[in-house]
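Comments concern the structure below.
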Amino acid sequence: MWLLKSILRQFVRNGRLTLIDAEGREHLFGGKKPGPVVTMRLHDPKLHWQMAINPELVAPEAYMDGTLTFENGATVHDFLRLFSINQDYLSAHPAQTVVNTGYRALRRWHQNNMPGRSKQNAKHHYNVKEDVYRLFLDDRMQYSCAYWRDPDHETLEEAQLAKLRHIGAKLRLRPGMKVLEIGSGWGGLAIFLAETFDVEVVGVNPATEQLASARRWVEEKGLSDRVKFVEKDYREIEGEYDRIVSVGMFEHVGYRFYDAFFRKVFSLLKPDGFMVLHSIGRMSPPGITGPFLNKYIFPGGYVPAISEVFAATQRNRLWVCDAEVLRLHYAYTIREWYNRFQTNRDKAIELMDERFVRMWEFYLAAVELGFVHGSNMVFQLILSRQRDAVPIVRDWIQETEEHLRHGSLLVDAAQ
């Protein structure tokens with residue numbers, strides 16, 4: 001217990017933590033500055049040393065198993081908020097420096113996203129029952145950052161539709177164009193583009209269950225002649241496209257394969273075509289994926305530093321025609337997901353089980369707070385083979401978006 005107490009004394013400075021150990025003894029930490037007040041109980045003596053060695057993995061696993069609980073009205077979200085505002089103090093402890101150094105040494109192995117492994121990693125997360133996602137996503141099943149103009153008054157549905165319009169505007173589409181979507185999810189973006197702009201869309205996704213749902217939706221919409229989904233890894237795609245779009249997929253590529261990704265993009269684009277890439281990124285230097293997210297949520301996943309992305313586009317002769325950083329939009333999005341998941345918690349337990357629900361509570365709260373107190377953000381890039389693939393000023397994006405908001409077709413704005 002002495003090592004855990006040593007770490008917590010250094011770790012908790014903002015806010016206050018009351019730890020009740022497995023023998024029922026109370027230990028108080030923090031209180032130097034304002035912050036969350038959390039009471040945490042450990043039910044297994046092994047946690048006294050396990051949490052000291054690897055708290056970023058052991059704490060969520062203990063919460064999932066019910067051997068770590070919260071009392072006096074505290075929640076896992078409160079605990080993670082306490083963690084997030086004190087995180088720098090935790091990583092500075094000598095014991096954690098040793099653990100983190102060893103974990104970083106495995107970075108290359110964690111990012112070994114060869115085609116077969118990459119497909120399995122995608123299925124691990126995206127083949128979770130669709131009904132679980134329906135408990136907290138919007139009606140278009142957009143499992144990526146929304147675009148908020150007024151987060152205090154907009155609904156999630158409104159913000160996700162705004163995201164589709166925002167991306168659609170950036171794509172500058174005209175009827176009959178061929179569009180490739182890398183990582184097509186449940187098909188919401190592909191359907192939106194086909195319906196709004198009269199284009200042909202090919203969506204690529206290695207997650208079998210998502211594809212089945214997307215194909216059913218396309219059939220219901222009567223868009224089978226314009227929207228097709230194929231079960232492939234991005235490295236297996238062939239053809240030539242006017243536009244490429246990828247939303248929330250680049251986080252699964254892995255830093256070792258950025259060159260392969262952008263080489264493929266270059267080869268698939270028509271000479272005058274371009275791509276819109278939407279991804280979570282970090283404003284800090286290159287890092288690692290936390291052990292909990294890597295093991296349970298997004299195996300093989302990695303949030304890139306923007307410097308890593310730009311270096312890879314440079315090596316692969318792609319122009320960055322436009323760059324936009326959405327700093328807090330995902331925090332608002334995941335806050336809404338978390339609240340909806342909590343509202344439907346009992347339904348989630350019926351669909352899965354208590355352990356799964358605790359795992360996803362931890363995941364959603366941790367990721368939200370990574371956008372509030374950590375270095376995470378979202379970036380959108382327009383990438384092209386030619387320097388003049390898009391207009392020389394970005395006014396066209398806002399103008400086209402306004403046309404879409406008022407019900408006009410993009411072709412009216414682009415002509």
Side-chain angles (χ1 to χ4, degrees), residues 108 111-123 126 144 167 170-173 177-185 187 189-190 193 199-208 210-211 214 227-281 286 298-323 379-387 389-390:
R108 184 175 177 83
Q111 300 296 306
N112 185 26
N113 291 336
M114 298 298 288
R117 184 173 179 181
S118 183
K119 289 179 181 178
Q120 290 305 311
N121 288 343
K123 290 176 181 179
Y126 297 104
S144 57
I167 291 172
K170 289 186 176 185
L171 285 167
R172 196 171 170 80
L173 295 167
M177 279 186 167
K178 290 184 62 178
V179 180
L180 172 68
E181 184 184 6
I182 303 177
S184 52
L189 175 58
L193 296 179
V199 293
E200 297 179 23
V201 185
V202 176
V204 177
N205 186 350
T208 309
Q210 271 195 329
L211 280 173
V227 180
K228 292 181 172 54
F229 297 106
V230 294
E231 186 174 347
K232 286 185 177 181
D233 181 86
Y234 66 91
R235 286 159 285 207
E236 300 169 336
I237 309 169
E238 301 295 337
E240 191 176 52
Y241 296 88
D242 299 287
R243 301 285 187 267
I244 299 175
V245 61
S246 183
V247 178
M249 176 272 173
F250 192 70
E251 301 92 322
H252 301 284
V253 171
Y255 80 96
R256 292 179 58 193
F257 298 91
Y258 291 163
D259 284 337
F261 181 87
F262 289 121
R263 276 197 305 271
K264 175 58 71 171
V265 166
F266 188 96
S267 71
L268 293 169
L269 279 173
K270 290 183 178 180
D272 61 347
F274 60 86
M275 175 190 199
V276 174
L277 176 65
H278 169 120
S279 173
I280 300 172
F298 296 116
Y302 171 66
V303 170
I306 197 73
S307 58
E308 295 175 292
V309 180
F310 284 154
T313 60
Q314 291 166 1
R315 290 192 297 266
N316 291 280
R317 299 174 295 152
L318 286 167
W319 283 89
V320 178
C321 301
D322 187 78
F379 61 84
Q380 289 184 352
L381 305 180
I382 297 179
L383 307 172
S384 68
R385 294 173 57 172
Q386 297 180 355
R387 74 182 72 213
V390 302

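Remember, it's a predicted structure, so these values are computed and weren't measured experimentally.
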>> Could you measure the distance from the CE atom of M177 to the CZ atom of R172? Nearest 0.5 Å is fine.
In response: 9.0 Å
> Would you say R385's side chain and L269's backbone share a donor-acceptor pair under 3.5 angstrom?
Replying inline: yes
> From M275 CE over to L171 CG, what is the distance, rounded to the nearest 0.5 angstrom?
Replying inline: 10.0 Å
> Out of K270, E200, E240, which one pairs with K178 under the side chain to side chain contact (heavy atoms under 4.5 Å, CB included) rule?
Replying inline: E200
> Between P304 and I280, which heavy-atom pair has the shortest distance, and what is it?
Replying inline: CD-O, 3.2 Å
> Which word best sums up how the rings of F262 and F250 line up, parallel for under 30°, tilted for 30 to 60°, or perpendicular for over 60°?
Replying inline: tilted
>> Is there a side-chain contact (heavy atoms from CB on, under 4.5 Å) between Y258 and E308? Walk through the geometry before answering.
In response: CA-CA 8 Å; Y258 291 163; E308 295 175 292; 4.1 Å; yes
> What's the verdict on side-chain contact (heavy atoms from CB on, under 4.5 Å) for V390 and I382, showing C-alpha distance, side-chain angles and the deciding distance?
Replying inline: CA-CA 9 Å; V390 302; I382 297 179; 4.1 Å; yes
>> Ignoring hydrogens, what is the shortest heavy-atom contact between S384 and A389? Give both atom names and the distance.
In response: CB-CB, 3.6 Å
> Between F261 and V253, does a side-chain contact (heavy atoms from CB on, under 4.5 Å) hold up when you go through it step by step?
Replying inline: CA-CA 8 Å; F261 181 87; V253 171; 3.8 Å; yes
> Could you state the interatomic distance from CD1 (I237) to CD1 (I182), rounded to the nearest 0.5 Å?
Replying inline: 4.5 Å
> Of all heavy-atom pairs between G239 and L268, which one has the smallest distance, and what is that distance?
Replying inline: O-CD2, 3.5 Å
> How far does CE of M249 sit from OG of S184, to the nearest 0.5 angstrom?
Replying inline: 10.5 Å
> Can you name the closest pair of heavy atoms from S279 and E251 and give their distance?
Replying inline: OG-CD, 3.5 Å
>> Taking side chain to side chain contact (heavy atoms under 4.5 Å, CB included) as the criterion, tell me which of Q386, R243, K170 meets it with F274.
In response: R243
>> Please find the pair of heavy atoms, one from P286 and one from Y302, that lie closest to each other, and give the distance.
In response: CA-OH, 3.5 Å
> Given the rule in the side-chain contact (heavy atoms from CB on, under 4.5 Å) test, do L383 and V265 qualify, once you have shown the distances and angles that lead to the verdict?
Replying inline: CA-CA 9 Å; L383 307 172; V265 166; 5.5 Å; no
>> For the backbone of A312 and the side chain of Q314, can you confirm whether one donor and one acceptor N or O come within less than 3.5 Å of each other?
In response: no
> Taking atom NE2 of H278 and atom CZ of F379, what is their separation to the nearest 0.5 Å?
Replying inline: 9.0 Å
>> Whether the side chain of N205 engages the backbone of A207 through a donor-acceptor N/O pair (distance < 3.5 Å, no angle test) should be reported.
In response: yes
> Can you tell me how far CD of E231 sits from CD of E236, rounded to the nearest 0.5 angstrom?
Replying inline: 9.5 Å
>> Ignoring hydrogens, what is the shortest heavy-atom contact between N316 and F266? Give both atom names and the distance.
In response: O-CD1, 3.6 Å
>> Tell me if a side-chain donor or acceptor on D242 pairs with a main-chain N or O of G273 at a distance below 3.5 Å.
In response: no
